Amino acid sequence: MHYWLFKTEPDDFSIDDLAKSPQGVARWDGIRNYQARNFLRDVVRQGDRLFLYHSSCRVTGVAGIADIVTDPYPDPAQYEAESPYFDPKADASHPRWYCVDIRFSQKCPKVIPTKTLKACEALADMALFKQPRLSIQPVTPAECKRPVITPCRLVASCAGAEFQDQPA
DNA sequence: GCCAACGTTGGC
DNA sequence: GCCAACGTTGGC
């Protein structure tokens with residue numbers, strides 16, 4: 001089981017949008033970066049979990065966690081001519097882009113700000129800081145255990161609030 | 001909204 | 001296969 005960090009622009013799709021989706025499940029599509037695609041296609045699997053990161057907004061940072069509920073499958077949008085994610089070079093027999101379905105798990109009482117993550121020395125090597133443009137990136141087990149982002153008793157730094165992980 | 005950093009494209 | 005031009009990301 002792996003942990004990931006998925007980035008999203010909340011004006012476009014936020015943790016609340018995920019929570020409001022039917023059964024809390026939404027397709028994570030539109031990934032059009034090869035390194036992110038490779039993680040998605042080759043490493044991400046059903047049962048993995050992710051931190052949802054809000055980018056390009058007033059308070060950037062980790063907004064909640066979600067579960068990967070499918071294995072990767074070809075992103076249908078690459079074949080849809082009217083979609084912004086249409087890729088004329090994608091071939092049905094050799095899909096270029098992949099997606100997964102994710103399910104809402106928990107929302108942080110307050111977004112854990114980027115600067116809080118940055119202030120944690122043990123998180124200094126996170127891909128988030130080393131490769132700021134990577135929209136799907138692994139989070140190591142050691143990073144997951146840091147109090148600021150630990151998924152099971154999120155989030156000491158969020159206004160002192162924390163909450164228990166839901167059993168699967 | 002700016003702009004630096006980075007990823008992609010395409011001519012050679 | 002290089003690399004300049006271009007497009008996009010994302011913090012500020």
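Chain letters run A, B, ... following the sequence lines, proteins first and then strands; every chain starts at 1. Keep in mind it's a predicted model, so treat the numbers as computed, not measured.
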Mind checking if [X] touches a base, just sugar-phosphate, or nothing, with heavy atoms under 4.0 Å?
| X | result |
| --- | --- |
| A:K118 | sugar-phosphate |
| A:T60 | sugar-phosphate |
| A:Y53 | sugar-phosphate |

Over 60° means perpendicular and under 30° means parallel, so tell me whether A:Y34 and A:W97 are parallel, tilted or perpendicular. tilted
Short side-chain donor-acceptor distance under 3.5 Å, A:T114 and A:Y53: yes
Treating [X] as the side-chain partner and [Y] as the backbone partner, does any N or O pair qualify as donor plus acceptor under 3.5 Å?
| X | Y | result |
| --- | --- | --- |
| A:T60 | A:H54 | no |
| A:Y79 | A:D91 | yes |
| A:D75 | A:G30 | yes |

I'd like the 5' and 3' limits of the part of DNA chain C contacted by chain A, with heavy-atom contacts below 4.0 Å. C:dG7 to C:dC12
If each of A:Q35 and A:K89 is mapped to the nucleotide of DNA chain B with the nearest heavy atom, which maps nearer the 5' terminus, i.e. the 5' end? A:Q35
Please confirm whether A:F51 and A:W4 have ring centers closer than 6.0 angstrom. no
